[in-house]
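Only a predicted model underlies this, so the values are computations on that prediction, with no experimental measurement involved. Count residues from 1 along the sequence.
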Amino acid sequence: MINLEEIKEQEIDLDKVYDYTEFPDKVSGRCDNCNSAYFKSSVKGGVFLRECRDCGMKKSI
């Protein structure tokens with residue numbers, strides 16, 4: 001399992017869906033990758049997914 005310190009040092013993988021409980025927002029309501037506050041959201045299979053509209057980073061909330 002990757003911890004938060006390691007993800008800060010590594011480049012964020014935009015193909016991966018990060019779990020919000022393991023990787024909360026660095027700045028609340030902002031994308032960790034590009035600092036945008038513009039997201040699109042969807043619910044599939046009971047899972048709420050938030051995707052940044054600028055860079056495409058995804059988090060399962």
Test side chain to side chain contact (heavy atoms under 4.5 Å, CB included) applied to S41 and F48, step by step: CA-CA 7 Å; S41 304; F48 180 80; 3.5 Å; yes

Under 4.5 Å between any side-chain heavy atoms of I61 and L49, yes or no? no

Is there side-chain contact between C31 and Y38, with heavy atoms separated by less than 4.5 Å? no

Hey, quick one: are F23 and I12 part of the same hydrophobic cluster, counting side-chain heavy atoms closer than 4.5 Å, chains of contacts allowed? yes

What side chain to side chain donor-acceptor pair (under 3.5 Å) pairs are there with at least one residue in residues 44-60, not counting sequence neighbours? D25-R50, D25-K59, D32-K59, S36-D54

Heavy-atom nearest pair, P24 first then T21, reads CD-O, 4.2 Å

Please lay out, stage by stage, how N33 and L14 fare under the test side chain to side chain contact (heavy atoms under 4.5 Å, CB included). CA-CA 9 Å; N33 189 40; L14 299 179; 3.7 Å; yes

